[in-house]
Amino acid sequence: MADYRIDYLEFPSRDGAASRSFFTDAFGWSFTHYGPTYDAINDAGIDTGIQSDTGEATAAPLAIIHTDDLEQALLQVVAAGGTITRDPFDFPGGRRFHFREPGGNELAVWIERA
């Protein structure tokens, strides 16, 4: 069986600059800027990012599960009653898909780029 662990949390933001400023002022966190709508938070204790593209952002914070077998994870999510909300897609660090579990929470599963 593949290994599954939550290793990333993504916050949606209507204003990425305001979110960065808040987290810097409140907690002293620093950021790595990956483009006009995405910033990684460097010092939060778990790998974390801010998605400020309203077309890409989820409605609530997104827990992201790491795996070593994306296709197997997709099959298991569907077999367990999950609903795929975003088909697998590439991003700079790898590939991922989004799903909603039966209780209504949206999560994602990702694999590193080989």
Side-chain angles (χ1 to χ4, degrees):
M1 179 179 250
D3 178 41
Y4 301 108
R5 60 186 162 76
I6 295 173
D7 76 340
Y8 200 87
L9 183 63
E10 188 171 276
F11 294 111
S13 175
R14 291 183 303 273
D15 185 336
S19 292
R20 283 192 314 275
S21 180
F22 170 80
F23 288 129
T24 297
D25 293 348
F27 306 116
W29 294 347
S30 64
F31 298 86
T32 301
H33 190 64
Y34 285 107
T37 63
Y38 203 89
D39 294 281
I41 301 172
N42 298 319
D43 315 307
I46 183 174
D47 287 340
T48 310
I50 298 172
Q51 174 60 270
S52 59
D53 181 334
T54 56
E56 296 287 327
T58 55
L62 181 71
I64 303 174
I65 301 164
H66 181 268
T67 187
D68 54 5
D69 190 336
L70 194 70
E71 289 75 23
Q72 182 64 35
L74 182 84
L75 293 172
Q76 288 178 215
V77 163
V78 171
T83 302
I84 304 304
T85 58
R86 186 160 181 201
D87 290 327
F89 64 95
D90 293 327
F91 67 96
R95 188 164 175 76
R96 79 185 197 194
F97 68 90
H98 293 202
F99 68 96
R100 190 169 312 283
E101 55 89 11
N105 294 295
E106 186 171 3
L107 297 97
V109 178
W110 81 287
I111 190 167
E112 292 170 278
R113 187 172 310 283

* Asked: Within 45° of the axis and under 6.0 Å from the centre of the six-membered ring of Phe89, does NZ or CZ of Arg86 qualify?
  -> yes
* So, the side chain of Thr24 versus the backbone of Arg20: is there a donor-acceptor pair under 3.5 Å, distance only? -> yes
* Joint cluster assignment, Ile6 & Tyr4, ILVMFWY side-chain distance < 4.5 Å -> yes
* Please assess Ser52 against Ser13 for the test side-chain hydrogen bond (donor to acceptor under 3.5 Å, both in side chains), listing each intermediate value before the final yes or no. => CA-CA 5 Å; Ser52 59; Ser13 175; 5.8 Å; no
* Any ion pair linking Arg96 and Glu10 (charged N to carboxylate O, less than 4.0 Å)? -> yes
* Take Thr58 and His98, measure what side chain to side chain contact (heavy atoms under 4.5 Å, CB included) needs, and give me the verdict at the end. => CA-CA 10 Å; Thr58 55; His98 293 202; 4.2 Å; yes
* Asked: Is Asp43 reaching over with its side chain to a backbone N or O of Ser30, donor-acceptor style, under 3.5 angstrom?
  -> yes
* Name the one of Thr83, Val109, Leu74, Asn105 that satisfies side-chain contact (heavy atoms from CB on, under 4.5 Å) with Phe99? -> Val109
* Looking at Leu107, Ile84, Asp87, which hits side-chain contact (heavy atoms from CB on, under 4.5 Å) with Phe97? -> Ile84
* To do: To the nearest 0.5 angstrom, please state how far the CG atom of Asp7 sits from the OG1 atom of Thr67.
  => 10.5 Å
* Mind listing the closest non-hydrogen atom pair of Ala57 and Pro12 along with its distance? => CB-CB, 3.8 Å
* Asked: Can Leu9 be reached from Phe27 by stepping across I, L, V, M, F, W or Y side chains whose heavy atoms are under 4.5 Å apart?
  -> yes
* To do: Report the distance from atom OG1 of Thr37 to atom CD of Glu56, rounding to the nearest 0.5 Å.
  => 7.5 Å
* Asked: Would you say Leu62 and Tyr8 are hydrophobically clustered, going by side-chain heavy atoms of ILVMFWY under 4.5 Å?
  -> yes
* Just checking, is any N or O donor in the side chain of Asn42 or Thr32 under 3.5 Å from an acceptor N or O on the other one? -> yes
* **Arg113 side chain vs Phe91 backbone, donor-acceptor pair below 3.5 Å** => yes
* Asked: Using a distance-only test with no angle check, is there a side-chain donor-acceptor pair under 3.5 angstrom linking Thr85 and Glu106?
  -> yes
* Asked: Out of curiosity, Asp39 CG to Trp29 CH2, how far, rounded to the nearest 0.5 Å?
  -> 13.0 Å
* Verify the cluster assignment for Leu75 and Ile111: are they in a single hydrophobic cluster under the rule of side-chain heavy atoms below 4.5 Å apart? => no
* Asked: Thr48 side chain to Ile46 main-chain N or O, any donor-acceptor pair under 3.5 Å?
  -> yes
* Of all pairs that satisfy ring-ring contact (aromatic ring centres under 6.0 Å, His included), the ones with a partner from residues 31-80, not counting sequence neighbours -> His66-Trp110
* Could you tell me whether Arg14 atom CZ has more than 12 heavy atoms of other residues or ligands within 6.0 Å of it? => no
